[in-house]
Amino acid sequence: MDGRFSGSRRLWLARRLLLGAAVVLLVSVLVFAATQILPGDPARAVLGHDATPESVAALRAELGLDRPIISQYLSWLGHIVTGDLGQSLVTREPVAGLIGDRAINSAVLVVLSAAIVVPLSVFVGALAGRRRDRRFDKAMLVVTLGLTALPEAIIALLLVILFSTSVLRLLPGTVLLGPGQNPLGQPAQLVLPVAALVLGVLPYLSRLVRGSVIDVYESEYVRIARLKGVPERVVLRRHVLSNALVPAIQGTALALAYLTGGVVVVEQVFNYPGLGTTLVDAVNNRDFPVIQMVCLVFAACYVIFNLLGDVLTVYVTPRLRTAGQ
């Protein structure tokens, strides 16, 4: 950033960082409280239904589950701040090691999906906005409305039916990755999960760009540029796309957050070893430390994506960047 991004904007950035940290802290309280009210006893779930009351009580004492909830929360939060994410109640492995590879796998899905859906949405939305009410625009509205009505799970299942069963059988319907295996080493297995995430986000982001492009095309300065004889491609590049960028940035931040949450469903459908499947397995096994950390990771991603969207919006908007100076 240049020197103009300073003063009140730096103070604003500091406030946004503090607000993001406060949001994550609040989420940690809610997640910890939610895991406490889940039905079932985690010690009983670990030892099995045949365990004696004495062994269950001993394990609860070992895990600190017999202490007051506030004491448990403060102890848990203190360990997280110092880098100790705890141990899985089921596997007795460190939570950091358990979710580390899974977090990388989920990040690969999100990054690949974003790398495809963001430029594709900008292209489709800009083209539809430029050709408003023409054949392409109407066709895209029908397609995007249809996709909007379908949840990610349905889109993923349709992709499996079309490309992995008796219809075409072109791509694997499940992802088979061993522990520590790089998902990029099996690109064919990533096609359908990435496609499901892309199709889930494309309608929202492309329609947002389309609306922004239409608004800019109807602005006074674009009309003046056209009256001056500026070529249409120059109008599109210099005036329309540059001014329609701000809503697209905000939409991209929300889309990335949406992709992060969408991996839970998509990973389950394709048996993809990421944070989504880890979260579902942890809930089924009452593995509280894993549930808490995965939820915190998702919450931190939401905060980071929204913060980046706000910062980029200020950066590309001179009026906002220099406000208060």
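Keep in mind that this is a model prediction, so the values were computed, not measured.
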Next item on the list: Would you please say whether a donor-acceptor pair under 3.5 Å links the side chains of E152 and Y258?
Entry: yes

Item checked: Linked, directly or transitively: Y302 and V27 (ILVMFWY side chains, under 4.5 Å) -> no

Next item on the list: Kindly work out whether a path of hydrophobic side-chain contacts (I/L/V/M/F/W/Y, heavy atoms less than 4.5 Å apart) joins F288 to V29.
Entry: yes

Check: Is there a donor in the side chain of Y204 and an acceptor in the side chain of S121, or the other way round, less than 3.5 Å apart?
Finding: no

Margin query: Other residues, nucleotides and ligands only: do more than 12 of their heavy atoms fall within 6.0 Å of CD1 on I69?
Written below: no

Item checked: Residue pair V194 / I116: nearest heavy atoms and the distance that separates them -> CG1-CD1, 3.8 Å

Checklist line | pair L279-C295: side-chain heavy atoms closer than 4.5 Å | finding: yes

Check: Distance from R102 atom CZ to E267 atom CD, nearest 0.5 Å?
Finding: 8.5 Å

Check: Which atom pair, heavy atoms only, marks the closest approach of P273 to V175?
Finding: CD-CG1, 4.3 Å

Notebook entry, point to check: Any donor-acceptor pair under 3.5 Å linking the side chain of S206 with the backbone of G125?
Noted result: no

Margin query: Measuring from atom CG of L205 to atom OG1 of T252, what distance do you get when rounded to the nearest 0.5 angstrom?
Written below: 4.5 Å

Note to self: With a 4.5 Å cut-off on side-chain heavy-atom distances among I, L, V, M, F, W and Y, is there a chain of contacts connecting V263 to I154?
What the structure shows: yes

Note to self: For F136, I'd like to know if atom CZ has over 12 heavy atoms of other residues, nucleotides or ligands within 6.0 Å.
What the structure shows: yes

Checklist line | Audit row: M140, R210, side chain to side chain contact (heavy atoms under 4.5 Å, CB included) steps and yes/no | finding: CA-CA 10 Å; M140 288 310 303; R210 173 187 178 272; over 6 Å; no

Notebook entry, point to check: Do V201 and L158 share a hydrophobic cluster (ILVMFWY, side-chain heavy atoms under 4.5 Å, transitive)?
Noted result: yes

Next item on the list: May I ask you to decide if G274's main-chain N or O and T277's side chain share a donor-acceptor pair within less than 3.5 Å?
Entry: yes

Margin query: Whether the side chain of S164 engages the backbone of I161 through a donor-acceptor N/O pair (distance < 3.5 Å, no angle test) should be reported.
Written below: no

Note to self: For N105, is there any backbone N or O sitting under 3.5 Å from a side-chain donor or acceptor partner on Y272?
What the structure shows: yes

Margin query: Give me the atom names and distance for the closest heavy-atom approach of P193 to L109.
Written below: CB-CD2, 3.8 Å

Checklist line | Non-hydrogen side-chain atoms of F298 and V264 separated by less than 4.5 Å | finding: yes

Checklist line | Donor-acceptor pair between D287 and S88 side chains, under 3.5 angstrom | finding: yes

Note to self: To the nearest 0.5 Å, what is the distance between CZ on R207 and CG on L141?
What the structure shows: 6.5 Å

Check: Out of curiosity, R16 CZ to L308 CG, how far, rounded to the nearest 0.5 Å?
Finding: 10.0 Å

Note to self: Once rounded to the nearest 0.5 Å, what's the spacing between atom CH2 of W76 and atom CG of D84?
What the structure shows: 12.0 Å

Notebook entry, point to check: Going through the distances and angles, do L296 and I80 end up as a side chain to side chain contact (heavy atoms under 4.5 Å, CB included)?
Noted result: CA-CA 11 Å; L296 277 185; I80 291 177; 3.9 Å; yes

Notebook entry, point to check: So, the side chain of Q186 versus the backbone of L176: is there a donor-acceptor pair under 3.5 Å, distance only?
Noted result: no

Checklist line | Check: L259 and L256 side chains under 4.5 Å, non-hydrogen atoms | finding: yes

Next item on the list: Taking the side chain as every heavy atom from C-beta outward, state whether L127 and V213 have any pair of such atoms under 4.5 Å apart.
Entry: no

Checklist line | Minimum-distance pair of heavy atoms, taken over all atoms of T260 and C301 | finding: CG2-CB, 4.0 Å

Item checked: Heavy-atom closest pair, residues G173 and L192 -> CA-CD1, 4.5 Å

Checklist line | L162 reachable from V198 in the ILVMFWY side-chain graph, under 4.5 Å edges | finding: yes

Check: So which heavy atom on G20 is nearest to which on V303, and how close?
Finding: CA-CG1, 3.5 Å

Next item on the list: Enter the distance from S28:OG to L77:CG here, rounded to the nearest 0.5 Å.
Entry: 5.5 Å

Notebook entry, point to check: Are the side chain of S75 and the backbone of S71 linked by a donor-acceptor contact shorter than 3.5 Å?
Noted result: no

Next item on the list: Please report the C-alpha distance between L275 and I99 in whole Å, then the side-chain angles of each, then the deciding distance to 0.1 Å, and finally whether the side chain to side chain contact (heavy atoms under 4.5 Å, CB included) criterion is met.
Entry: CA-CA 7 Å; L275 288 180; I99 70 174; 4.0 Å; yes

Next item on the list: May I have the step-by-step check of side chain to side chain contact (heavy atoms under 4.5 Å, CB included) for F32 and Q72, ending in yes or no?
Entry: CA-CA 9 Å; F32 190 87; Q72 292 183 46; 3.6 Å; yes

Next item on the list: Check the surroundings of atom CD1 in I70: do more than 12 heavy atoms from other residues, nucleotides or ligands lie under 6.0 Å from it?
Entry: no

Next item on the list: Say whether, by atom type as modelled, one donor and one acceptor occur between the side chain of S113 and the main chain of L197 under 3.5 angstrom.
Entry: no

